[in-house]
There are 2 protein chains.
Amino acid sequence: MALRYALLAALHESPATGYELTQRFRSRLANVWNASHQQVYRELGKLLEEGKLLAESVPQPDKPDKKRYHLTVAGQKDLKQWLDKPQPRPPAKDPFLVKLFAGNLADKAVLQGEAEKMREEWERQLAYYRSIEEEYFQQPDALPAHYRYQYLALRRGITQVIASLEWLDELENGL
Amino acid sequence: MALRYALLAALHESPATGYELTQRFRSRLANVWNASHQQVYRELGKLLEEGKLLAESVPQPDKPDKKRYHLTVAGQKDLKQWLDKPQPRPPAKDPFLVKLFAGNLADKAVLQGEAEKMREEWERQLAYYRSIEEEYFQQPDALPAHYRYQYLALRRGITQVIASLEWLDELENGL
DNA sequence: CCTTACATGTAACAAGTTACATGATTAG
DNA sequence: CTAATCATGTAACTTGTTACATGTAAGG
């Protein structure tokens with residue numbers, strides 16, 4: 001049930017097309033929520049049917065129209081209600097840790113290769129998050145409420161990735 | 001597709017019943033993988049059909065029999081093959097961060113309440129992981145390979161929770 | 001020519017959740 | 001008597017993945 005609220009929250013920030021929402025999930029929202037374009041289009045269709053969204057057709061020169069979605073009052077109300085209901089913590093699911101658990105069966109070189117890839121991915125992510133931090137959140141204390149919350153979400157991503165990289169050092173020493 | 005390998009990995013550690021596997025997912029494997037008992041029983045059924053597992057009926061005095069599952073050779077081979085194939089990183093999905101993203105709409109008291117609950121949960125988890133660490137992993141360097149890998153998985157849980165608690169401090173200051 | 005980005009979808013299948021169902025034993 | 005733990009499942013539904021499908025525009 002949370003995908004729909006992730007979409008409503010993203011559209012509360014600003015109207016967007018399905019394509020743009022999919023991109024946000026892969027970039028700025030990467031540490032918050034994720035969904036493939038197929039899921040996004042399907043869920044947008046449902047939300048539209050239910051009257052939680054409005055679709056505005058945006059004509060483009062030399063290209064087919066694109067559909068920009070906006071929250072309706074009903075959509076905002078729905079989001080607000082969800083926000084006020086406590087949600088359970090998401091369960092951890094990490095295939096790499098599953099592998100470690102059966103680590104004595106695994107090929108050490110394969111694990112080391114995966115560790116190397118993880119490092120690259122996390123370093124790329126950290127650099128990206130840092131660049132957002134520097135560009136938009138120089139004086140976090142002076143931020144209007146709207147951005148302060150987003151900054152806290154970003155800080156979550158940053159602190160998690162830093163801790164992950166530190167653990168990777170431990171891992172590569174122990175592997 | 002990963003649930004089946006989580007089960008095979010858990011059964012590679014030691015044979016167990018569906019009930020016990022469900023419990024492991026909630027305790028020692030909480031930072032590794034998670035599944036409800038319904039999922040566990042269904043997947044065990046499939047694995048049994050496919051010949052990846054054998055079920056041994058264990059009679060109990062005054063209680064109905066329970067079924068203890070063992071890896072077969074085919075099951076071990078299957079697990080081994082999966083271990084050697086790199087897996088994609090799991091996508092992040094955190095409803096609480098979704099809430100932060102629309103934080104200016106949310107009720108501050110509700111967010112603070114959730115933050116409080118998270119703290120309790122993480123502190124409980126950390127204490128639990130620490131207790132395992134102290135009981136079984138006193139001299140990590142002297143550990144046989146089998147346990148060394150499990151220790152690295154445990155360290156992942158510990159470092160993540162510590163980072164989470166530090167972020168919580170930031171959050172509660174900023175909320 | 002080929003690949004990447006833009007832009008939107010459908011269909012089939014796998015994974016995960018929620019509700020329902022049953023029955024024994026143990027601790028308060 | 002009641003709740004919790006042990007122990008195992010089925011059925012319906014929702015969510016997420018993979019494969020398929022189509023077409024434009026820009027850059028190398």
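Computed from a prediction, not measured in an experiment: that's the story for all the values here. Note on naming: letters A, B, ... go to the chains in the order of the sequence lines (proteins, then strands), and numbering restarts at 1 for each one.
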- Item | Hphob cluster co-occupancy, B:Val98 + B:Trp167, side-chain heavy atoms under 4.5 angstrom | yes
- Task: Could you check whether the rings of B:His12 and B:His146 sit parallel, tilted or perpendicular, using 30° and 60° as the cut-offs?
- Result: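 Perpendicular: the ring planes of B:His12 and B:His146 meet at over 60°.
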OP1 or OP2 of [N] under 4.0 Å from side-chain N/O of [X]:
X       : N      : result
A:Lys67 : C:dG9  : yes
B:Ser36 : C:dT18 : no
A:Lys93 : C:dA15 : no
A:Tyr41 : C:dT8  : yes

- Does A:Asp78 use its side chain to pair, donor to acceptor, with the backbone of A:Ala74 at less than 3.5 Å? no
For [X] and [N], give me the distance from atom [atom1] to atom [atom2], rounded to whole Å.
X       : N      : atom1 : atom2 : result
A:Leu47 : C:dG9  : CG    : C1'   : 16 Å
B:His37 : C:dG23 : NE2   : C1'   : 14 Å
B:Leu3  : D:dG16 : CG    : C1'   : 15 Å
B:Gln39 : C:dT18 : CD    : C1'   : 12 Å
A:Leu7  : D:dT14 : CG    : P     : 17 Å
B:Leu21 : D:dG9  : CG    : C1'   : 15 Å
B:Phe25 : C:dT17 : CZ    : C1'   : 16 Å
A:Met1  : C:dG16 : CE    : P     : 17 Å

- Message: What contact category does A:Gln23 fall into here, base, sugar-phosphate, or nothing, at under 4.0 angstrom with non-hydrogen atoms?
- Response: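 Result for A:Gln23 = sugar-phosphate.
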- Item | Nearest-nucleotide 5' precedence on DNA chain D, B:Glu20 against A:Arg42 |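 It is B:Glu20 whose nearest nucleotide is closer to the 5' end.
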- Query: Closer to the 5' end of DNA chain D via nearest nucleotide, is it B:Gln38 or B:Tyr19?
  - Reply: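 Taking each residue's closest nucleotide, the earlier one in sequence belongs to B:Tyr19.
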- Does A:Arg130 pair with A:Glu123 as a salt bridge, N-O distance under 4.0 Å?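 No, this pair does not count.
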- Do the charged groups of A:Lys117 and A:Glu114 touch, with an N to O distance under 4.0 Å? no
